[in-house]
Amino acid sequence: MAKIPNDYGIDIWSDRNFVIRQGRVCLASGCEPAILDMVNEIRSDGYRGPLLLRFPHLVSKQIAKLYNSFNAARREYAYRGSFRAVFPLKVNQFPRFVKMLIDQGQSYGYGLEAGSKAELIIAMAYNLDNAPITVNGFKDREMISLGFIARKMGHDITLTIEGLGELETMLQMQRESGDPMPNIGIRIRLHTAGIGIWGKSGGINAKFGLTSTELMRAMTMLKEANQVEALSMIHFHIGSQLEDIAPLKRALREAGNIYAELRKMGAQSLRTINLGGGLAVEYAQSASSKSTTYSLQEVANDVVFLLKSICETKGVDEPDIFTESGRFIAASHAVLVAPVLELFSQEYHERALQLKEEGNPPLVSELYDLYRSIHEKNAVEYLHDSLDHMESLLTLFDLGYIDLQDRSNTEVLVHLIIRKALDLTGANLNERDRIQHRIQEKYLVNFSLFQSLPDYWGLGQEFPVMPLDRLDEKPSRAASLWDITCDSDGEIAFKPKRPLFLHDVDLLERNYFLAFFQVGAYQEVLGMRHNLFSHPTEATVTIDDEGYTIHDLMPSASLLDILDDIDYDITDVQKQLKKRIERSALIDEEARQEVLAELYLYLSENGYLKTTRPV
Ligand SMILES: *Cc1c(COP(=O)(O)O)cnc(C)c1O
């Protein structure tokens with residue numbers, strides 16, 4: 001098989017979910033369909049703009065991996081506690097995702113975690129029978145009351161207490177109503193802290209959790225209320241995207257000992273240690289920037305082994321192990337595909353040259369000769385010469401010695417030489433040259449960074465990105481990506497340390513699509529409507545040995561829906577538009593209906609661009 005000139009680190013980040021076949025990115029399952037075929041099929045129905053594709057088999061894979069790793073570790077160490085898990089809804093609450101998650105988690109009894117009232121309602125409505133629900137975060141009386149209702153509905157629900165006030169409210173409500181008590185979990189405040197950009201959830205100054213003094217007080221309150229048997233879980237969460245396993249082990253050692261101490265203090269129903277989430281996902285496209293240093297099996301083995309030894313030492317029963325990992329479960333299932341709309345240097349085409357019959361400045365004539373005679377051996381030298389000439393010519397223009405036509409010819413010729421040099425030398429052009437001379441191409445991409453990759457904007461989190469096809473051709477252009485918002489932050493700049501190279505492409509001849517991977521966790525709900533761009537058109541794709549099937553196509557919101565959503569009175573919007581058309585002297589009466597019809601058509605479509613080229 002031919003060597004792939006640039007595989008965009010697919011073996012590093014994709015966990016064998018995707019493979020390159022015949023120059024295209026394909027799913028590594030079933031008959032290995034190409035993502036491009038799915039995209040073209042959806043676009044053939046007229047959909048333009050970015051597309052979010054969801055792959056249920058990748059959710060299923062992660063759930064299986066989670067349970068299988070912990071169950072294997074339990075077997076290996078003859079561990080007596082069980083393993084259970086929930087999905088934290090804050091990572092992705094979108095209905096088409098949650099539905100597939102619940103389907104795929106059926107055989108494991110996979111549950112849901114809620115951090116707000118709205119999330120709790122989702123869990124109460126859709127959680128599998130007999131699967132656990134946990135509720136974290138600050139709670140008022142109403143939220144606790146929802147917990148009591150869930151318990152009466154038959155849910156296996158645990159309310160995690162974040163402070164003594166919440167416990168007091170729970171005990172009081174139970175005393176007053178006589179209703180069955182939901183299980184009580186206690187978030188413990190650890191002295192060990194997480195690390196990384198998300199690591200603010202642990203440590204002595206953490207936002208959440210009870211100190212040891214408060215823990216002892218909680219035990220007293222539970223005993224006095226005769227509710228010790230409701231205490232069933234202790235919980236901690238040290239942060240997201242843990243790059244290293246050591247902080248988790250430190251936290252677990254602390255939690256294991258707290259568990260043992262509480263058991264000794266009489267918490268006989270305390271059976272579960274909830275490790276929260278934090279399992280990392282690999283976003284790196286080069287081996288040197290890899291962010292994960294452990295495998296899930298390693299984590300599972302360490303957790304089981306550590307808890308077993310603590311329980312042995314302290315002479316208490318081994319607890320059930322409980323996790324709430326979200327990113328790890330959801331990230332890989334979604335792929336964002338965005339069409340490239342323009343390459344900014346494409347206007348510098350040979351047909352744009354307007355050399356004068358005579359009287360071209362000598363340096364312009366020289367540039368033209370360089371362009372005509374460049375070949376592989378002299379490419380770098382000629383490139384340098386042309387960049388020098390350009391500097392001189394631009395100075396001459398500033399001093400008034402050459403005219404705008406000369407300057408235009410200069411720019412066109414230098415861009416043509418750069419492109420030819422890149423074609424001839426491939427991406428091997430000296431990095432210093434590229435940076436010094438900013439030999440980069442700007443790709444205008446039909447998506448909003450703020451809507452679809454908010455963590456890039458907010459946290460600098462990189463996502464794997466690659467073109468969907470042409471992977472058998474060496475990409476020669478150092479690329480920076482621009483989204484279509486009119487915000488200068490909507491850019492993924494070229495980074496010499498982590499360079500992105502893309503293909504030169506004539507968009508009049510063919511389409512070119514970029515895919516962003518690992519976007520299934522957090523990005524969707526954090527995505528914002530900057531410039532009023534909406535959630536992209538989405539579809540769910542299932543794969544089998546014969547092919548693939550597209551389900552649940554959900555078009556991106558229309559302009560009217562977007563305005564409605566931020567509380568415009570859309571009837572009034574339409575009335576105002578109509579009034580202004582009717583009153584305009586520039587539209588005669590016969591044309592009114594036509595203009596209105598055109599306007600209404602646009603109102604029913606989404607805000608992404610169709611093309612920026614003439615059609
Ligand atoms: C956010 C959160 C999680 C999920 O974290 P991931 O890093 O996505 O695994 C789990 N538990 C709690 C309490 C959380 O706040």
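Since the model is a prediction, treat every value here as computed from it, not as a measurement. All ligand and atom numbering here is 1-based and tracks the order in the structure. The first residue in the sequence is number 1, and the count goes up from there.
Residue Gly277 approaches ligand 1 through these ligand atoms, each under 4.0 Å from one of its heavy atoms: 5 (O), 9 (O), 10 (C), 11 (N). Listed by number with element, the atoms of ligand 1 under 4.0 Å from a non-hydrogen atom of Arg327 are 6 (P), 8 (O), 9 (O). Against a heavy-atom cut-off of under 4.0 Å, Asn136 is close to the following atoms of ligand 1: 13 (C). Remark: ligand 1 atoms within the under-4.0 Å shell around heavy atoms of Ser240 are 6 (P), 7 (O), 8 (O). Within ligand 1, the atoms closer than 4.0 Å to a non-hydrogen atom of Tyr522 are 1 (C), 4 (C), 5 (O), 6 (P), 7 (O), 8 (O), numbered from 1 in the order shown. Interface of Val91 with ligand 1, defined as ligand atoms under 4.0 Å from a residue heavy atom, comprises 8 (O).
Taking the six-membered ring for Trp and the full ring otherwise, Phe322 and Phe83 have centroids separated by 6.0 Å or more. Side-chain rings of Phe517 and Phe463 stay apart, their centers remaining 6.0 Å or farther from each other. If you look at Tyr108 and Tyr67, their ring centroids are closer than 6.0 Å.
Taking only nitrogen or oxygen atoms, main chain and side chain alike, His235 does not reach within less than 3.5 Å of ligand 1. Considering backbone and side-chain N/O atoms, Arg187 never comes within less than 3.5 Å of an N/O atom of ligand 1. In terms of polar-atom proximity, defined here as any N/O pair under 3.5 Å, Gly278 does make such a contact with ligand 1. At under 3.5 Å, not a single nitrogen or oxygen of Phe328, backbone or side chain, sits near a nitrogen or oxygen of ligand 1. In terms of N/O distances under 3.5 Å, ligand 1 is approached by Glu324. Checked by distance only, ligand 1 and Glu113 stay at 3.5 Å or farther apart across all their nitrogen or oxygen atoms.
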*asked:* Using salt bridge (Lys or Arg N to Asp or Glu O under 4.0 Å), reason through Arg151 and Asp156 one step at a time and then give a plain yes or no.
replied: CA-CA 7 Å; Arg151 170 79 175 84; Asp156 169 9; over 6 Å; no
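No hydrogens or angles considered: nothing links the side chains of Glu76 and Asn301 as a donor-acceptor pair under 3.5 Å. Side chains of Thr485 and Ser448: a donor-acceptor N/O pair is absent below 3.5 angstrom, by distance only. Checked by atom type, the side-chain pair Gln518/Ser332 shows no donor-acceptor distance below 3.5 Å. Under 3.5 Å, the side chains of Ser29 and His57 contain a donor-acceptor pair of N or O atoms.
Looking at Pro88 against ligand 1, only its side chain comes within 4.0 Å, counting heavy atoms.
Put simply, the side chain of Gln227 never gets that close to the backbone of Leu222: no donor and acceptor are under 3.5 Å apart.
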